[in-house]
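Scroll down for the structure; my scribbles are underneath it.
Ligands are counted one by one from 1 in listed order, and the atoms in each one are counted from 1 as well. For clarity, every value in this text was computed on a predicted model and none was experimentally measured.
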Amino acid sequence: MNNSYKRMSATIKSKVIGIDVGVAITTIAVVDLRGTILAKDSMPTTGFPMVNNFVEALSERIILLAEANGGYENIRSVGISAPSANYISGCIENASNMPWKGIVPLAAMLRDRIGLAVALGNDAHASAMGEYVYGSAHGMENFIVISLGHGGLGSCFFSNGQPHLGYCGSAGEVGHTCVEDHGRLCTCGHRGCLEEYASCRGIIQTARELLEASDEPSLLRDLKELTPMTIGECCDQGDAMAKEVYRRTGFLLGLGLSNYVTVINPEAIILTGELTKASKWLLKPLEESFDEHVFGNIRGKVKLVVSVLNDDERDVLGASALAWTVKEYSLFK
Ligand SMILES: [Zn+2]
């Protein structure tokens with residue numbers, strides 16, 4: 001081994017930190033090149049009205065976790081997934097569900113405190129990066145990741161091996177495209193947005209509306225709590241109204257995704273999130289509606305798959321995948 005090789009190999013760092021900033025809990029993980037979570041820690045996101053205090057507490061946790069797992073000097077960079085985060089600006093921008101209002105330059109704040117490069121992206125971007133680097137989109141250049149979660153319907157798409165973020169980082173907001181003229185009022189202020197139908201709160205609202213619209217007997221009426229899972233369980237028992245809830249949800253999701261796919265022409269759509277837990281009831285009406293509405297030349301050429309990544313690890317893995325996208329930088333070299 002010659003000296004120059006020795007010098008180079010000594011500087012290659014094979015671990016990153018992934019951080020998922022959720023509304024209630026922030027999860028921190030040390031992740032290696034293969035997407036193996038080597039160690040994990042978490043802390044509350046709430047209880048820090050000032051973001052400075054949150055960054056301070058987070059920094060301490062990061063350093064402790066890294067030191068206990070191979071040493072801080074072996075960490076290459078940090079990736080954060082957070083609601084309403086913008087990869088281009090490195091800021092959380094006007095997050096409606098977070099305690100910190102306005103523009104929060106989280107990436108720069110954390111970088112200045114811990115001395116490592118920090119990448120920040122929104123949940124959908126991080127999730128797509130996770131699928132690309134470690135998950136169902138591995139090896140694909142053109143794909144869409146759809147997150148059907150509690151907060152709504154998020155998406156990010158890759159074009160020729162790169163995430164398409166748009167001019168100011170707002171690309172992929174298919175959840176706020178209109179699928180129902182004069183439909184339900186959305187959190188964005190518009191009416192009839194796809195995420196008001198194809199998300200956890202969307203499917204629950206559909207169930208409520210169907211229950212109120214008739215006296216038809218249904219197992220849904222006996223449920224303590226309406227959730228995508230409990231509605232799916234009623235479908236398993238043959239309940240007609242529960243099946244109709246999923247049929248309507250799948251229909252509108254298929255319609256929205258067919259428009260998206262007709263523009264983007266991806267190899268695959270990867271579905272993630274809570275709503276996919278009852279995917280056997282969602283996928284059939286989704287595919288029927290998708291095939292009905294998608295442009296003919298694309299029909300039959302788009303894979304529709306449910307993500308293989310573990311739900312508990314997806315967000316933090318996605319955040320760690322973001323960390324590999326930034327140039328290595330350290331104050332302490
Ligand atoms: Zn909307």
Side-chain angles (χ1 to χ4, degrees), residues 21-23 81-89 91-104 120-128 144-157 163-210 212 226-228 231 245-264 266 269-276 282 285-286 289-290 293-294 315 318:
V21 180
V23 174
S81 163
S84 304
N86 186 325
Y87 180 80
I88 294 170
S89 69
C91 298
I92 294 179
E93 299 181 347
N94 306 308
S96 56
N97 50 1
M98 301 299 282
W100 317 303
K101 300 303 168 203
I103 308 292
V104 179
L120 175 71
N122 66 30
D123 305 355
H125 180 196
S127 180
I144 297 173
V145 175
I146 301 284
S147 163
L148 303 161
H150 289 283
L153 188 159
S155 99
C156 176
F157 68 94
H164 181 93
L165 302 177
Y167 172 58
C168 55
S170 271
E173 291 287 6
V174 71
H176 296 288
T177 55
C178 185
V179 291
E180 192 88 41
D181 193 23
H182 297 98
R184 292 176 192 164
L185 181 63
C186 181
T187 52
C188 76
H190 291 170
R191 282 193 177 273
C193 291
L194 178 60
E195 79 168 27
E196 288 304 317
Y197 301 87
S199 64
C200 291
R201 70 167 183 276
I203 197 169
I204 291 165
Q205 183 59 23
T206 301
R208 286 200 184 115
E209 287 177 5
L210 276 173
E212 281 168 22
L226 283 168
T227 68
I231 298 167
V245 171
Y246 265 98
R247 192 199 64 76
R248 292 187 183 197
T249 307
F251 177 84
L252 287 177
L253 184 56
L255 174 66
L257 293 186
S258 70
N259 288 335
Y260 199 178
V261 160
T262 297
V263 176
I264 306 299
I269 302 173
I270 295 150
L271 301 171
T272 72
E274 180 75 16
L275 207 51
T276 62
L282 182 70
L286 194 173
S289 170
F290 182 84
H293 295 104
V294 79
D315 293 335

Heavy-atom side-chain contact between Thr206 and Leu252 under 4.5 Å | no
If every non-hydrogen atom of Leu253 is compared with every non-hydrogen atom of Ala198, which pair is closest and at what distance?
-> CD1-CB, 3.8 Å
Is the side chain of [X] donor-acceptor paired with the backbone N or O of [Y] at a distance under 3.5 Å, no angle test?
X	Y	value
Asp315	Ser81	no
Ser199	Glu196	no
Arg184	Gly202	yes

State whether Arg191 and Glu180 are salt-bridged, where the test is any N-O pair (Lys NZ or Arg NE/NH1/NH2 against Asp/Glu carboxylate O) under 4.0 Å.
-> no
Leaving waters out, which protein N, O or S atoms fall under 2.8 Å from the Zn ion (ligand 1)?
-> His176 ND1, Cys186 SG, Cys188 SG, Cys193 SG
